[in-house]
A.B. asks: 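Dropping a structure here in structure tokens format, bear with me for questions.
Values below: every heavy atom of this structure, side chains too, minus hydrogens, waters and symmetry copies.
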Amino acid sequence: MLLRLPESVSEAQECMAQGAVPIGGATLVWARWQRDGFPEQAMSLRNLPEANVIARGTLGAAVVLGHIDDRVPEVLQRAAASVGTGAVRRTATVGGNIVGSTLRCLLPAALVLGARATVLDRDRVFETDLAEVIAKSHLLLSLHWPEPVASSYRKLPVEAGGPPPFVVAAAVHTPADAPARLHVAVRDGYDVLADDVPCHTGSDEAIAALGATPVGTLHSTAWRVVRDHVTDLLNRPVGRSAP
């Protein structure tokens, strides 16, 4: 197998046109290739600058999870830190987790940030939403988002070999000339639910409004986790992170 390492968008597009199969950190595809056979060509974006940025409001798809730090919002940093073991986080990438993984631990965090995706196609670079990226398995270049006022992430503990752990992510945004809104996303099993509600009148009203959305249809144990998580976030002093 020939591994291609493009250093520009045009080089990456040329690799795609020649049939190179995109890989992230190869943590997900390696076992399948060992079983089913390796492609003739693979392509990694680890040398492509646009896919390796970590900055305020932007995160590249080739960034390994272990490199994600406080340059990104708390919700995304904590989501990355919750994935697998240290060895996994040293190789798994943002793009691989969101597009290639069935668990998609970063997806709830990206959703509550209102993240948009920059995507690489054979003949263009374009922006789209995360739903399209996942549905069509686009090649992700980067994520970008408006900075939240506050955010948080929680993954419940689970026994090894059991069902995927329940995840809740939340963020508060203050749109221009509009009241603050609370964005919440959960992963229950392999299903992801997300919605947003006003939160400028306090946590009780926000939770009541959230209860009328699809997130409010969760089973009682999960809903209690969401309710407590939202209450903690909305009552947190501005500028303080969760312990």
Side-chain angles (χ1 to χ4, degrees), residues 9 12 16 21-25 28-29 45 50-51 53 57-63 65 68 72-73 75-80 82-83 92-148 151-155 163-173 175 178 181-199 209-210 212-218 222 226 229-230:
V9 167
M16 294 175 72
V21 178
I23 60 172
L28 298 169
V29 300
L45 301 182
E50 293 88 340
V53 62
T58 307
L59 182 64
V63 173
L65 303 186
I68 295 177
V72 305
V75 64
L76 200 52
Q77 184 180 357
R78 286 179 176 266
S82 77
V83 175
T93 64
V94 171
N97 184 272
I98 289 179
V99 182
S101 170
T102 56
L103 292 177
R104 298 190 172 98
C105 295
L106 299 189
L107 180 58
L111 288 172
V112 300
L113 290 176
R116 299 275 294 174
T118 300
V119 169
L120 178 64
D121 206 353
R122 291 187 180 188
D123 57 359
R124 61 180 179 138
V125 174
F126 64 97
E127 181 182 303
T128 188
D129 58 40
L130 292 173
E132 180 178 333
V133 171
I134 293 168
K136 297 184 178 181
S137 297
H138 285 312
L139 179 54
L140 184 65
L141 270 182
S142 61
L143 299 173
H144 48 96
W145 59 84
E147 286 295 306
S151 66
S152 58
Y153 181 94
R154 183 182 180 192
K155 178 187 286 187
F166 182 77
V167 165
V168 55
V172 176
H173 292 269
R181 296 191 69 85
L182 169 72
H183 294 245
V184 175
V186 302
R187 187 190 69 197
D188 188 19
Y190 293 98
D191 297 325
V192 175
L193 300 173
D195 220 311
D196 63 280
V197 297
C199 63
L210 193 63
T213 72
V215 176
T217 65
L218 291 165
V226 171
H229 189 78
V230 166

A.B. asks: Can you check whether Ser82's main-chain N or O pairs, donor with acceptor, with Lys155's side chain at less than 3.5 Å?
C.D. replies: yes
A.B. asks: Run the numbers on Ser151 and Val172 for side chain to side chain contact (heavy atoms under 4.5 Å, CB included), then give the verdict.
C.D. replies: CA-CA 6 Å; Ser151 66; Val172 176; over 6 Å; no
A.B. asks: Do the side chains of Ile134 and Val99 get nearer than 4.5 Å, heavy atoms only?
C.D. replies: no
A.B. asks: What is the minimum heavy-atom distance between Ser152 and His229, and which atoms define it?
C.D. replies: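 Looks like OG-NE2, 2.7 Å.
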A.B. asks: For Thr128, enumerate each residue passing the side-chain hydrogen bond (donor to acceptor under 3.5 Å, both in side chains) test, keeping only those at least two apart in sequence or located in another chain.
C.D. replies: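 In terms of side-chain hydrogen bond (donor to acceptor under 3.5 Å, both in side chains), with neighbours along the sequence ignored, Thr128 is linked to Glu132.
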A.B. asks: Mark yes or no for whether Ser101, through its side chain, and Ile98, through its backbone, hold a donor-acceptor pair below 3.5 Å.
C.D. replies: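 No: the side chain of Ser101 does not pair with the backbone of Ile98.
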A.B. asks: Among residues at least two apart in sequence or on other chains, which ones pass side chain to side chain contact (heavy atoms under 4.5 Å, CB included) with Ala222?
C.D. replies: Phe166, Leu218, His219
A.B. asks: Nearest 0.5 Å, what's the CE-CZ distance between Met16 and Arg122?
C.D. replies: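 Between atom CE of Met16 and atom CZ of Arg122 there are 6.5 Å.
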A.B. asks: Can you give me the closest heavy-atom contact between Pro108 and Cys105, atom names plus distance?
C.D. replies: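 The pair with the smallest heavy-atom distance is CD-O, 3.6 Å.
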A.B. asks: Looking at CG of Leu106 and CG of Asn97, how far apart are the two atoms once the value is rounded to the nearest 0.5 Å?
C.D. replies: 4.0 Å
A.B. asks: Between Ala169 and Tyr153, which heavy-atom pair has the shortest distance, and what is it?
C.D. replies: CB-CD1, 3.9 Å
A.B. asks: Is a side-chain donor or acceptor of Asp121 paired with a backbone partner of Asp123 at a separation under 3.5 angstrom?
C.D. replies: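 Answer holds: no.
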A.B. asks: Are the side chains of Val119 and Val133 in touch, meaning some heavy atoms are under 4.5 Å apart?
C.D. replies: yes
A.B. asks: Please find the pair of heavy atoms, one from Leu113 and one from Trp145, that lie closest to each other, and give the distance.
C.D. replies: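 That would be O-CB, 3.6 Å.
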A.B. asks: Is the shortest heavy-atom distance from the side chain of Pro214 to the side chain of Asp195 under 4.5 Å?
C.D. replies: yes
A.B. asks: Hey, could you give me each pair passing salt bridge (charged side-chain N to carboxylate O under 4.0 Å, His left out) that has a residue in residues 94-113? Not counting sequence neighbours.
C.D. replies: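 Those involving residues 94-113 do not exist here.
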A.B. asks: Hey, what do you get for CG (Leu139) to CG (Leu120), rounding to the nearest 0.5 Å?
C.D. replies: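 Output value for this atom pair is 5.0 Å.
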A.B. asks: Filter on side-chain hydrogen bond (donor to acceptor under 3.5 Å, both in side chains), then keep only pairs touching residues 106-116, sequence neighbours left out; what's left?
C.D. replies: Arg116-Glu127
A.B. asks: Going by the rule side chain to side chain contact (heavy atoms under 4.5 Å, CB included), which residues pair with Ala61 if we only count those two or more places apart in sequence or in a different chain?
C.D. replies: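 Partners of Ala61 by the side chain to side chain contact (heavy atoms under 4.5 Å, CB included) criterion, ordered by chain and then number, come out as Leu140.
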A.B. asks: Applying side chain to side chain contact (heavy atoms under 4.5 Å, CB included), name anything that partners Ala62, two or more places apart in sequence or on another chain.
C.D. replies: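 Partners of Ala62 under the side chain to side chain contact (heavy atoms under 4.5 Å, CB included) test: Leu45, Ala51, Asn52.
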A.B. asks: Name all pairs fulfilling the ring-ring contact (aromatic ring centres under 6.0 Å, His included) condition that reach into residues 101-143, sequence neighbours left out, sorted by first residue then second.
C.D. replies: Phe126-His138
A.B. asks: Holding to side chain to side chain contact (heavy atoms under 4.5 Å, CB included), I want the full list of residues that pass it with Thr118, two or more places apart in sequence or in another chain.
C.D. replies: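 Testing Thr118 for side chain to side chain contact (heavy atoms under 4.5 Å, CB included), a comparison that skips the adjacent residues, returns Val125, Leu141, Ser142, His144.
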A.B. asks: Checking Arg181 now: which residues fulfil salt bridge (charged side-chain N to carboxylate O under 4.0 Å, His left out) with it, not counting sequence neighbours?
C.D. replies: Asp196
A.B. asks: Do any N or O atoms from the side chain of Glu50 and from the backbone of Gly60 form a donor-acceptor pair under 3.5 angstrom?
C.D. replies: no
A.B. asks: Taking the side chain as every heavy atom from C-beta outward, state whether Thr58 and Val72 have any pair of such atoms under 4.5 Å apart.
C.D. replies: no
A.B. asks: Can you give the donor-acceptor pairs under 3.5 Å from side chains of residues 182-194 to other protein atoms, not counting sequence neighbours?
C.D. replies:
| residue | atom | partner | partner atom | Å |
| --- | --- | --- | --- | --- |
| Arg187 | NH1 | Leu103 | O | 3.0 |
| Arg187 | NH2 | Pro165 | O | 2.9 |

A.B. asks: Compare all side-chain heavy atoms of Leu130 with those of Leu107 and state whether any distance is below 4.5 angstrom.
C.D. replies: yes
